[in-house]
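Note that the structure is a prediction, hence the values are computed from the model and not measured. Here, residue 1 is the first one in the sequence, and each next residue gets the next number. As the structure lists them, so they are numbered: ligands from 1, and atoms in each ligand from 1.
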Amino acid sequence: MPSDNPLAQPVLTFSDAERSPLSIRAKALVFVDPRSQALYQEVERLAPGGQPLLIRGETGTGKELLARHIHRASGRPGLFVALNCASLSPQHAEAELFGHVPGVHNGSASSRAGWFGSAHGGTLYLDEIGDLPLKLQGQLLRALETREVLRVGAREANPVDVRLVAATSFDLSRAAAVGKFDQRLIDYLADGSLELPPLRQRPGDILPLAGYFLGVHAQRLGLPAPTLGLAAQQVLERHAWPGNTRELESVIHFALLVSDGEIAPQHLELQAG
Ligand SMILES: Nc1ncnc2c1ncn2[C@@H]1O[C@H](COP(=O)(O)OP(=O)(O)O)[C@@H](O)[C@H]1O
Ligand SMILES: [Mg+2]
């Protein structure tokens with residue numbers, strides 16, 4: 001339950017995060033606002049199964065962090081593999097996603113599993129799935145449904161068990177309506193839909209997140225954590241957060257570096273919007 005002190009510790013903390021020191025931020029999920037808590041109940045219900053999920057939300061709202069949490073909570077033994085569909089190279093997207101046999105890709109002498117195969121037994125997180133080329137959408141669906149993946153140049157498919165967690169910042173149905181997205185993929189994801197509201201619609205998360213990021217970054221930098229002055233708290237609570245939680249994190253990070261003892265409004269570099 002949220003405590004009376006908005007700067008108290010996050011309500012949910014996970015200690016089994018990845019070992020990399022860079023992933024320190026991936027350890028806790030701060031969900032204090034009633035809307036976030038309602039979402040969390042939905043997450044708890046959907047995480048354990050292997051069913052495909054779609055997370056909808058503006059950029060910076062925490063979709064990837066949530067997907068990582070879902071993977072951990074699922075108990076699936078395989079890896080969490082995160083891929084931004086917008087970053088796939090157009091010419092090599094199929095080989096990058098599904099792998100290839102020797103000789104067919106860049107003259108490579110070795111074979112490669114591809115991102116899909118690397119997620120075997122685990123979770124494949126596809127960020128901005130709306131940016132996946134249409135042809136690959138069909139192949140992806142086929143691989144998920146048949147539980148088999150065909151590497152580029154291969155004659156035989158390999159069995160594969162992947163849970164798809166997809167994310168999007170825009171409405172996929174509208175893309176499907178104009179033929180830019182495969183409706184069958186929307187149907188495949190339809191039973192597991194999670195909406196992560198923008199930060200401005202869950203104001204109860206703002207100060208707990210600010211306190212959390214202050215603690216995390218002060219510790220990482222070996223600095224004493226400054227207090228967040230009352231005036232600064234009010235500024236944070238009134239801001240519209242066009243960049244969502246990612247913006248809040250960088251605002252706090254910056255304020256930590258330029259303030260001394262107490263964070264005041266002049267230490268807050270907010271994004272216009
Ligand atoms: N509820 C949350 N609790 C703690 N940290 C969060 C939360 N939501 C987002 N973050 C942090 O904010 C940053 C942006 O989140 P991210 O998952 O990358 O957003 P998205 O994938 O929606 O663009 C990351 O550093 C993430 O760890
Ligand atoms: Mg992201």
Side-chain angles (χ1 to χ4, degrees), residues 2-3 6-18 20-44 47 53-73 80-88 115 123-132 164-172 193-221 236 239 241-256 271 273:
S3 92
L7 300 182
Q9 283 304 298
V11 278
L12 305 155
T13 310
F14 303 98
S15 54
D16 66 332
E18 302 87 310
S20 158
L22 289 175
S23 68
I24 185 166
R25 289 175 297 170
K27 286 183 182 171
L29 199 52
V30 179
F31 269 174
V32 175
D33 190 273
R35 274 193 82 166
S36 302
Q37 300 229 328
L39 170 67
Y40 191 74
Q41 300 211 323
E42 206 40 24
V43 168
E44 279 198 307
L53 301 176
L54 177 66
I55 306 176
R56 291 172 293 132
E58 291 178 8
T59 176
T61 48
K63 297 185 296 296
E64 181 163 347
L65 182 66
L66 192 61
R68 283 180 190 277
H69 169 68
I70 287 168
H71 173 66
R72 283 198 292 273
F80 176 86
V81 176
L83 176 66
N84 187 331
C85 296
S87 74
L88 283 169
W115 299 112
T123 304
L124 178 65
Y125 175 70
L126 290 184
D127 197 5
E128 292 301 357
I129 193 167
D131 285 336
L132 194 65
L164 177 65
V165 177
T168 183
S169 60
F170 61 84
D171 185 355
L172 296 174
S193 187
L194 293 166
E195 182 160 358
L196 203 39
L199 188 55
R200 63 187 164 278
Q201 287 174 17
R202 40 189 171 103
D205 287 344
I206 295 173
L207 293 183
L209 278 167
Y212 169 67
F213 290 137
L214 259 186
V216 165
H217 287 289
Q219 191 192 27
R220 186 174 59 81
L221 298 166
L236 294 180
H239 184 56
W241 300 109
N244 292 298
T245 309
R246 181 170 300 122
E247 180 191 355
L248 176 59
E249 179 165 15
S250 69
V251 165
I252 292 296
H253 186 182
F254 179 77
L256 177 67
Q271 223 172 282

Quiz item: What pairs with Arg35 under salt bridge (Lys or Arg N to Asp or Glu O under 4.0 Å), at least two apart in sequence or on another chain?
Solution: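 Arg35: no salt bridge (Lys or Arg N to Asp or Glu O under 4.0 Å) contacts found.
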Quiz prompt | Partners passing salt bridge (Lys or Arg N to Asp or Glu O under 4.0 Å) against Glu247 (at least two apart in sequence or in another chain) | solution = none
Pull out every atom of ligand 1 sitting under 4.0 Å from any heavy atom of [X], numbered as shown with elements.
X: Ala28; value: 3 (N), 4 (C)
X: Phe31; value: 1 (N)
X: Glu64; value: 17 (O), 21 (O)
X: Tyr212; value: 4 (C)

Quiz item: How many angstroms lie between atom CG of Leu214 and atom CD of Gln219, to the nearest 0.5 angstrom?
Solution: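 It comes to 12.5 Å.
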Counting only heavy atoms, tell me which of [options] gets closest to [atom].
atom: atom 17 (O) of ligand 1; options: Asn244, Thr245, Thr59, Leu65; result: Leu65
atom: atom 18 (O) of ligand 1; options: Glu247, Arg246, Arg202; result: Arg246
atom: atom 15 (O) of ligand 1; options: Gly62, Gly57, Ser169; result: Gly62
atom: atom 23 (O) of ligand 1; options: Gly243, Ser36, Ala167, Gly60; result: Gly60

Practice problem: Scan side-chain atoms only and decide if Asn244 and Glu58 contain a donor-acceptor pair under the 3.5 Å cut-off. | Solution: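 Indeed, the side chains of Asn244 and Glu58 share at least one donor-acceptor pair under 3.5 Å.
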Quiz prompt | Close N or O approach (Val30, ligand 1; < 3.5 Å) | solution =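 Yes, there is a polar N/O contact under 3.5 Å.
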Quiz item: Could an N or O of ligand 1 be found under 3.5 Å from any N or O of Glu249, whether backbone or side chain?
Solution: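 Yes.
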Quiz item: When the aromatic ring centroids of His217 and Tyr212 are compared, is their separation below 6.0 Å?
Solution: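 They do not qualify: ring centres at least 6.0 Å apart.
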Practice problem: Flag the pair Arg246 / Thr59 as yes when at least one side-chain heavy-atom distance between them is below 4.5 Å, and no otherwise. | Solution: yes
Exercise. Would you check if the side chain of Asp131 reaches a backbone N or O of Cys85 as a donor-acceptor pair within less than 3.5 Å?
Key: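 Between the backbone of Cys85 and the side chain of Asp131 there is no qualifying donor-acceptor contact (under 3.5 Å).
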Quiz item: Where does Leu209 meet ligand 1, judged by heavy-atom distances below 4.0 Å: at the side chain, the backbone, both, or neither?
Solution: side chain
Quiz item: Taking the inter-plane angle between the rings of Tyr125 and Phe80 on a 0 to 90° scale, is it parallel (under 30°), tilted (30 to 60°) or perpendicular (over 60°)?
Solution: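 Rings of Tyr125 and Phe80: parallel, under 30°.
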